[in-house]
Amino acid sequence: MDATTAPHRIPAEMPQYGEANHIFELMQTMLEQLLIHQPEDPVSFMIKHLNRNNDNVPKIIILGPPASGKTTIAMWLCKHLNSNLLSMQNLIGRELQFMNPEMKRQYLRTKMIPSALLVRLIEDRLEEEDCIKRGWILDGIPETREQALTIQSQGIIPRHVVVLSALDTVLIERNLGKRVDPQTGEIYHTTFDWPPESDIQNRLVVPPGISEMETARKLLEYHRNIVRIIPSYPKILKVISADQPCVDVFYQVCCGQLLKEAVADKTQFGELIRPFFEKQMVVPDSLVVKVLTQRLDHQDSIQKGWVMHGFPRDQDQAHMLDTLGYEPNRVFFLNVPLDSIIERLTLRRTDPVTGERYHLLYKPPPTMEIQARLLQNPKDSEEQVKLKVDLFYRNSADLEQFYKQAITLNGDQDPYTVFEYVESGIINPLPKKVP
């Protein structure tokens, strides 16, 4: 395109098509594979690559120190994405019977094998039909920079690399309570995740190598290696705190303002909305959607895109948007416990003199004089907050069903952490769940 003719009026259908059909990721992957393998016949190579049709399957690496919960997270991801778990244990388990006696004794003694052999095992496993069709999740591999570089040199490129992180003292304490179900391989904990079924409790065993000294030794080795592995995965690597419940690790355009602007500007729709505002009545969906679509058709929204928050509120509104052709390419649900919601909203106050907003817990007024004159918005009363939360949860299940690729995040964290998760969900392609 000629830069002198900017701004370009790119039809909204073009990026929507590219997003829906993973065109951008396809081109990037094709270029990566061509540069890595450097085939003599690039066209035949690309045709063979396209025939495999597996660019959108999960390709994930989960790394982390001992007791960080990486195996638990990897197993949950496999179930959620219907993918394949590749760990040192199951890769070696398949190969153990074919090893020569000396190498077998070395592995049983050190739990380590040569990097070249490990990479060959991974390559062989990834060529199998289930990994081609349903993708893979590497649990705790690579363990060293040498392994990371060797894996990359063979064209094994993950789409996401997750590194779990926590204080050593937390990990040592957590490791001491670890228990394993020998039948299923599921990992439990005496304090944090004890199974309710008595038959499972009775068969749990203490895994080897979880003493305080052993854990400290493994942590020291992990820290030496991880700082050299991380630079191997720029842009696709995400560090997540493991010092929180596993479920939180696993799950990590404002319409009201538009309506007010329409009323203030005395637009045609604004005059229709005004009576509802004056009587403090809910504005009908048909009017809300008309004002919203009018804004989404502005040139800046077409060129730069748009972000809505708090809308649609129910399945009917979502259907109306979809029918009119306004389909979001990312949807986020923020989950926050009711206690935290009540704490955040019921303690909000406003200074009627200055208009300054305060929070009695997070941003208290600086003087007793200001505190004495603070007022609470009636909408922030506990009763009103509970009513709103109840309404939200009654509609959210339908919305989650409507937006099947929505990303659910834990909103009960500091804003910077939540923002990082949202940013990650935007810049990375949506995971494609393979049936």
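Computed from a predicted structure; not experimentally measured. As a basis for the values below, the full set of heavy atoms in this structure was taken, side chains included, without hydrogen atoms, waters or symmetry mates.
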Would you mind reporting whether Ile151 and Ile122 have side-chain heavy atoms less than 4.5 Å apart? yes

Walk me through whether Gln315 and Asn395 qualify under side chain to side chain contact (heavy atoms under 4.5 Å, CB included). CA-CA 7 Å; Gln315 193 173 29; Asn395 291 319; over 6 Å; no

Output for pair (Lys48 NZ, Asp41 CG), nearest 0.5 Å, gives 12.0 Å

Any donor-acceptor pair under 3.5 Å from His160 side chain to Leu237 backbone: no

State whether a side-chain donor-acceptor pair under 3.5 Å links Thr144 with Asn225. no

Taking all non-hydrogen atoms of both residues into account, name the closest pair between Leu374 and Pro365 and its distance. CD1-CG, 3.7 Å

Name the one of Leu171, Ile62, Val170 that satisfies side-chain contact (heavy atoms from CB on, under 4.5 Å) with Ser68? Leu171

Hey, could you give me the CG/OG distance between Leu176 and Ser211, rounded to the nearest 0.5 Å? 8.0 Å

Arg330 vs Gln405 side-chain heavy atoms within contact, under 4.5 Å: no

With a 6.0 Å cut-off (strictly less than), is the heavy-atom count around CE of Met46, excluding the residue itself, greater than 12? yes

Looking at side-chain heavy atoms only, is the closest gap between Pro364 and His359 below 4.5 Å? no

So does Glu212 get a backbone contact from the side chain of Thr215, meaning a donor-acceptor N/O pair under 3.5 Å? no

Where do Pro231 and Pro234 come nearest, in terms of heavy atoms and distance? O-CD, 3.4 Å

Pair Met30, Met27 - check side chain to side chain contact (heavy atoms under 4.5 Å, CB included), show working. CA-CA 5 Å; Met30 292 284 287; Met27 300 303 296; 5.6 Å; no

Is there a donor-acceptor contact under 3.5 Å from the side chain of Asn335 to the main chain of Leu409? no

Please find the pair of heavy atoms, one from Leu86 and one from Cys131, that lie closest to each other, and give the distance. CD1-SG, 4.1 Å

Only pairs at least two apart or in different chains count here, so list each side chain to side chain donor-acceptor pair (under 3.5 Å) that has a residue in residues 338-350. Ser340-Asp412, Glu343-Tyr362, Arg348-Asp380

Out of Glu382, Glu383, Gln384, which residue meets the side-chain hydrogen bond (donor to acceptor under 3.5 Å, both in side chains) rule with Lys386? Glu382

Roughly how far, to the nearest 0.5 Å, is CG of Asp414 from CZ of Phe419? 12.5 Å

Under the salt bridge (Lys or Arg N to Asp or Glu O under 4.0 Å) rule, what do Glu186 and Lys79 come out as? Steps first, then yes or no, please. CA-CA 13 Å; Glu186 292 277 357; Lys79 292 177 182 177; 2.8 Å; yes

side-chain contact (heavy atoms from CB on, under 4.5 Å) partner of Ile172, the single match among Leu219, Ile210, Leu167: Leu219

Looking at every heavy atom in both Ala318 and Tyr403, which two are closest together, and how far apart are they? CB-OH, 3.7 Å

Let me confirm one number: the CZ-CD1 distance from Arg125 to Ile156, rounded to the nearest 0.5 Å. 12.5 Å

With sequence neighbours left out, which residue pairs that include part of residues 194-204 fulfil the salt bridge (charged side-chain N to carboxylate O under 4.0 Å, His left out) condition? Asp181-Arg203

Can you tell whether the side chains of Glu143 and Arg228 come within less than 4.0 Å, N to carboxylate O? no

Taking Arg174 for its side chain and Ala67 for its backbone only, find out whether a donor-acceptor pair lies under 3.5 Å. yes

Neighbour count above 12 (heavy atom, 6.0 Å) for Glu123 CD: yes

Do the side chain of Gln317 and the main chain of Phe311 share a donor and acceptor less than 3.5 angstrom apart? no

Check against side chain to side chain contact (heavy atoms under 4.5 Å, CB included), Leu91 and Ile141: CA-CA 11 Å; Leu91 288 170; Ile141 303 172; 3.9 Å; yes

So do the side chains of Gln152 and Ser232 get within less than 4.5 Å of each other, counting heavy atoms only? yes

Going by salt bridge (charged side-chain N to carboxylate O under 4.0 Å, His left out), name the pairs with one or both residues in residues 394-407, residues two or more places apart or in two chains. Asp390-Arg394

With heavy-atom distances below 4.5 Å as the criterion, would you say the side chains of Leu34 and Pro39 are in contact? yes

Quick one: pull up CG in Leu220 and NZ in Lys218 and give me the separation to the nearest 0.5 Å. 13.5 Å

For Ser83 and Trp136, indicate whether the former's side chain and the latter's backbone hold a donor-acceptor pair under 3.5 Å. yes

I want to check something: taking the side chain as every heavy atom from C-beta on, are Ser87 and Ile92 in contact at a cut-off of under 4.5 Å? no

Could you check whether any side-chain N or O of Lys363 sits under 3.5 Å from a backbone N or O of Arg357, counting only pairs where one atom can act as donor and the other as acceptor? yes

Do Pro366 and Tyr358 have side chains that approach each other closer than 4.5 Å (heavy atoms only, starting at C-beta)? yes

Between Asn410 (side chain) and Val336 (backbone), is there a donor-acceptor pair under 3.5 Å? no

Whether Asn82 side chain and Cys78 backbone form a donor-acceptor pair below 3.5 Å: no

Main chain of Gly140, side chain of Lys70: is a donor-acceptor contact present, judged purely on distance under 3.5 Å? no

Enter the distance from Gln154:CD to Leu126:CG here, rounded to the nearest 0.5 Å. 11.0 Å

Do the side chains of Lys238 and Val163 get nearer than 4.5 Å, heavy atoms only? no

Could you walk me through whether Tyr326 and Leu292 pass the side chain to side chain contact (heavy atoms under 4.5 Å, CB included) test, one step at a time? CA-CA 10 Å; Tyr326 300 100; Leu292 179 60; over 6 Å; no

Of the non-hydrogen atoms in Arg134 and Pro58, which two are nearest, and what is the gap between them? O-CD, 3.5 Å

Give me the atom names and distance for the closest heavy-atom approach of Leu296 to Trp306. CD2-CG, 3.5 Å

